[in-house]
Amino acid sequence: MHEQLQAARLSLPKQALRGGYSRGLMFWFRWGKIILSRLANLFRPRATWPQHVPFWRSLEEYAAWLPAHVRWMPDPLGGAFDSFLSPAALAAQMRDRGYVQKDCDGLAQFSALNLTYLLPRGAQDVFIVTVILDPFSFQKQALLYAAHVLCVFRHEQAWRVISNHELFPDRYPSFAAAVQHNPYCAGHPVLWFEVRDPHLKRLHSGRRLGGWLVG
């Protein structure tokens, strides 16, 4: 298994379009989104994290619990108002609704925070991973699907992936393989990725998956 797919060769205009698309999103994810998230969280309801009891005895038990406690919903303005929730804002949703309602970034962070209670090494083995995929590898609605946020974590000597409400069944030998070959990203070359810990501290960003956390 090749850990990272190579983006297809395109005509010069399409190369320029793909380059501008990825650079614009890179800038937004690296700086703009974090600034907006901090500002937005000042005005969101807050509660002490967690408001739910992290009772899960196994990953399978967590995977069975998760779908009933999250709702995928696009961010305002068609996703243009894209931001992370703080743990306090996630907790407030659990307190007030009994579930978290957000798009992929908020749901990835929710699982990342929850998995810190379940994994033996806690936050050391769980990551929030933003990916920019090659938009020209999608048949339709590339602007909707080519950027995504996943929860990627190490469990029982393998790498696993949660996307929104779903724990993918596949087990991967490396972080790079998990990011590139999970069912959401499979077949779509990763142009850029960013890794944050469960509390949104930035750990790494770049274009080469194989250059970070090999194995």
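Thr130 and Arg30 share no donor-acceptor pair across their side chains, judged by distance under 3.5 Å alone.
Remark: side-chain polar atoms of Gln4 are paired, donor with acceptor, to backbone N or O of Arg207 under 3.5 angstrom. Side chain of Asn41 to main chain of Leu85: no donor-acceptor pair is present (N/O by atom type, distance under 3.5 Å, no hydrogens or angles). Proximity of a side-chain donor or acceptor of Gln51 to a complementary backbone N or O of Met94 within less than 3.5 Å is not detected. No donor-acceptor distance shorter than 3.5 angstrom exists from the side chain of Glu3 to the backbone of Gly210, with no hydrogens or angles considered. Side chain of Ser111 to backbone of Ala108: no donor-acceptor contact under 3.5 angstrom is found. Checking side-chain atoms of Asp96 against main-chain N and O of Gln93 turns up no donor-acceptor pair under 3.5 Å.
The local environment of CZ in Arg97 is crowded, with over 12 non-hydrogen atoms from other residues, nucleotides or ligands closer than 6.0 Å. Crowding of Arg121 atom CZ: a count of heavy atoms from other residues, nucleotides or ligands under 6.0 Å exceeding 12. Crowding of Gln6 atom CD: a count of heavy atoms from other residues, nucleotides or ligands under 6.0 Å not exceeding 12. More than 12 heavy atoms of other residues, nucleotides or ligands sit less than 6.0 Å from atom CZ of Arg95. By the 6.0 Å contact criterion, CZ on Phe43 is open, its count of non-hydrogen atoms from other residues, nucleotides or ligands being 12 or less.
Aromatic ring orientation, Trp65 versus His69: parallel (interplanar angle below 30°, classes split at 30° and 60°). Aromatic ring orientation, Tyr184 versus His148: parallel (interplanar angle below 30°, classes split at 30° and 60°).
Rounding to the nearest 0.5 Å gives a distance of 8.0 Å between CZ of Arg71 and CD of Gln101. Between Arg46 atom CZ and Leu90 atom CG the span is 13.5 Å, to the nearest 0.5 Å. Rounded to the nearest 0.5 Å, atoms CZ (Arg160) and CZ (Arg154) are 14.5 Å apart. Note that CG of Leu115 is 9.0 Å distant from CG of Leu66, once rounded to the nearest 0.5 Å. The line from CG of Asn114 to CG of Leu118 is 9.0 Å long, rounded to the nearest 0.5 Å. Here Ile162 contributes atom CD1 and Asn182 contributes atom CG; the two are 12.0 Å apart, rounded to the nearest 0.5 Å.
Residues Phe175 and Val129 meet the side-chain proximity criterion, which asks for heavy atoms closer than 4.5 Å. The shortest side-chain heavy-atom distance between Val126 and Thr116 falls under the 4.5 Å cut-off. Put simply, the side chain of Pro54 reaches to within 4.5 Å of the side chain of Trp56, judged on heavy atoms. With contacts defined as side-chain heavy-atom distances shorter than 4.5 Å, the pair Phe55/Glu61 qualifies. In this structure the side chain of Val161 never reaches within 4.5 angstrom of the side chain of Cys151, judged on heavy atoms. Contact check for Val70 versus Asn164: no side-chain heavy atoms found under the 4.5 Å cut-off. Proximity of Leu36 to Phe84: side-chain heavy atoms (C-beta onward) are nowhere separated by under 4.5 Å. Within the 4.5 Å cutoff, no side-chain heavy atoms of Leu167 are placed close to those of Tyr62.
Screening residues 116-137 for ring-ring contact (aromatic ring centres under 6.0 Å, His included), with sequence neighbours left out, gives Phe127-Trp212.
Residue Ile128 is not grouped with residue Trp49 when hydrophobic side chains (ILVMFWY) are merged at heavy-atom distances under 4.5 angstrom, including chains of intermediate members. In the hydrophobic cluster analysis, where Ile, Leu, Val, Met, Phe, Trp and Tyr join through side-chain heavy atoms closer than 4.5 angstrom, Leu119 is grouped together with Val53.
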Report task. Could you please spell out the steps behind the side-chain contact (heavy atoms from CB on, under 4.5 Å) verdict for Tyr172 and Val179? Result -> CA-CA 9 Å; Tyr172 300 94; Val179 173; over 6 Å; no
Report task. Any chance you could lay out the salt bridge (Lys or Arg N to Asp or Glu O under 4.0 Å) test for Asp105 and Lys33, step after step, and finish with the verdict? Result -> CA-CA 11 Å; Asp105 48 17; Lys33 182 174 181 176; 2.8 Å; yes
Report task. Give the intermediate values and the outcome of side-chain contact (heavy atoms from CB on, under 4.5 Å) for residues Phe29 and Ile34. Result -> CA-CA 7 Å; Phe29 291 137; Ile34 296 302; over 6 Å; no
Requested in this report: Start with the C-alpha distance between His165 and Trp72, add both sets of side-chain angles, then the distance that settles side-chain contact (heavy atoms from CB on, under 4.5 Å), and finish with yes or no.
Outcome: CA-CA 8 Å; His165 67 280; Trp72 183 90; over 6 Å; no
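The cationic atom of Lys102 (NZ for Lys, CZ for Arg) does not lie both less than 6.0 Å from the six-membered ring centre of Phe110 and within 45° of the ring axis.
Contact detail for Ala92 and Pro45: the closest heavy-atom pair is CB-O, 3.3 Å. In plain terms, the two heavy atoms of Tyr99 and Ala68 that are nearest each other are CB-O, 4.3 Å. In terms of heavy-atom proximity, Trp159 sits nearest to Ser174 at CD1-C, 3.3 Å.
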Expected list for residues 187-203: side-chain donor-acceptor pairs under 3.5 angstrom, two or more places apart:
unit_1: His188; atom_1: ND1; unit_2: Ser137; atom_2: O; d: 3.4
unit_1: His188; atom_1: ND1; unit_2: Ser137; atom_2: OG; d: 2.7
unit_1: Glu194; atom_1: OE1; unit_2: Arg196; atom_2: NE; d: 3.0
unit_1: Glu194; atom_1: OE1; unit_2: Arg196; atom_2: NH2; d: 3.4
unit_1: Glu194; atom_1: OE2; unit_2: Arg196; atom_2: NH2; d: 3.4
unit_1: Arg196; atom_1: NH1; unit_2: Leu200; atom_2: O; d: 2.8
unit_1: Asp197; atom_1: OD1; unit_2: His199; atom_2: N; d: 2.8
unit_1: Asp197; atom_1: OD1; unit_2: Leu200; atom_2: N; d: 2.9
unit_1: Asp197; atom_1: OD1; unit_2: Lys201; atom_2: N; d: 2.8
unit_1: Arg202; atom_1: NH2; unit_2: Ser205; atom_2: OG; d: 2.7

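Of the options Arg18, Lys14, Arg9, a salt bridge (charged side-chain N to carboxylate O under 4.0 Å, His left out) to Asp134 is made by Arg18 and by none of the others.
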